[in-house]
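Below: one structure, written as structure tokens.
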Amino acid sequence: MAKKNEELDPETLALINWCIEVEGFLVAGGATLEQAQEHIEEQVEWFTDQFYDGLTPEQAAKEALAD
């Protein structure tokens with residue numbers, strides 16, 4: 001994890017913000033906030049791939065909820 005004084009690069013910040021948006025769609029789809037966060041943490045590589053493949057947060061959440 002980055003140190004508090006260390007700035008994250010723009011790409012990492014974009015991924016984090018994207019995951020925060022995915023989290024909202026997972027919650028809207030019926031998950032609790034804790035479940036959504038845990039799922040993203042457990043499947044971070046899959047979500048990262050979806051981010052780089054150009055999926056929107058909503059699309060990634062729909063795919064995650066479909067599994």
Side-chain angles (χ1 to χ4, degrees):
M1 189 158 293
K3 295 179 182 176
K4 288 186 179 185
N5 294 334
E6 184 179 327
E7 285 193 34
L8 298 173
D9 64 88
E11 190 172 24
T12 301
L13 284 174
L15 175 59
I16 291 169
N17 287 326
W18 183 88
C19 285
I20 291 168
E21 289 185 53
V22 170
E23 183 181 276
F25 286 111
L26 291 173
V27 170
T32 66
L33 181 58
E34 293 79 19
Q35 289 170 328
Q37 290 172 346
E38 185 175 307
H39 185 67
I40 291 170
E41 289 173 12
E42 290 175 353
Q43 301 297 322
V44 68
E45 290 181 19
W46 184 85
F47 281 103
T48 301
D49 289 345
Q50 304 316 300
F51 172 79
Y52 285 110
D53 286 347
L55 268 69
T56 67
E58 184 176 17
Q59 291 169 323
K62 283 182 181 178
E63 293 222 4
L65 291 168
D67 289 339

Contacts of Thr48 meeting side-chain hydrogen bond (donor to acceptor under 3.5 Å, both in side chains) (sequence neighbours excluded), chain-then-number -> none

Where do Ala60 and Val22 come nearest, in terms of heavy atoms and distance?
CB-CG2, 4.2 Å

For Ile16, the side-chain contact (heavy atoms from CB on, under 4.5 Å) test, sequence neighbours excluded, returns Leu8, Thr12, Ile20

Nearest heavy-atom contact between Ala31 and Ala36 is CB-N, 4.3 Å

Any salt bridge (charged side-chain N to carboxylate O under 4.0 Å, His left out) involving residues 30-58? Give me the pairs, sequence neighbours left out, ordered by first then second residue.
Glu58-Lys62

Working to the nearest 0.5 Å, report the span between CD of Gln43 and SG of Cys19.
12.0 Å

Fellow cluster residues of Leu33, listed by chain then number, with links counted only when side-chain atoms sit under 4.5 Å apart:
Val27

Can you list everything that forms a ring-ring contact (aromatic ring centres under 6.0 Å, His included) with Phe51? Sequence neighbours excluded, please.
Trp18

From Tyr52 atom OH to Leu15 atom CG, the distance as rounded to the nearest 0.5 Å:
6.0 Å

Would you give the length of the straight line joining atom CG of Leu26 to atom CD of Gln35, rounded to the nearest 0.5 angstrom?
10.0 Å

side-chain contact (heavy atoms from CB on, under 4.5 Å), that's the test. Do Gln59 and Phe25 meet it? Break it down for me.
CA-CA 9 Å; Gln59 291 169 323; Phe25 286 111; over 6 Å; no

Qualifying salt bridge (charged side-chain N to carboxylate O under 4.0 Å, His left out) pairs with a residue from residues 9-26, counting only residues at least two apart or across chains:
none

Between Ala64 and Phe47, which heavy-atom pair has the shortest distance, and what is it?
CB-CZ, 3.8 Å

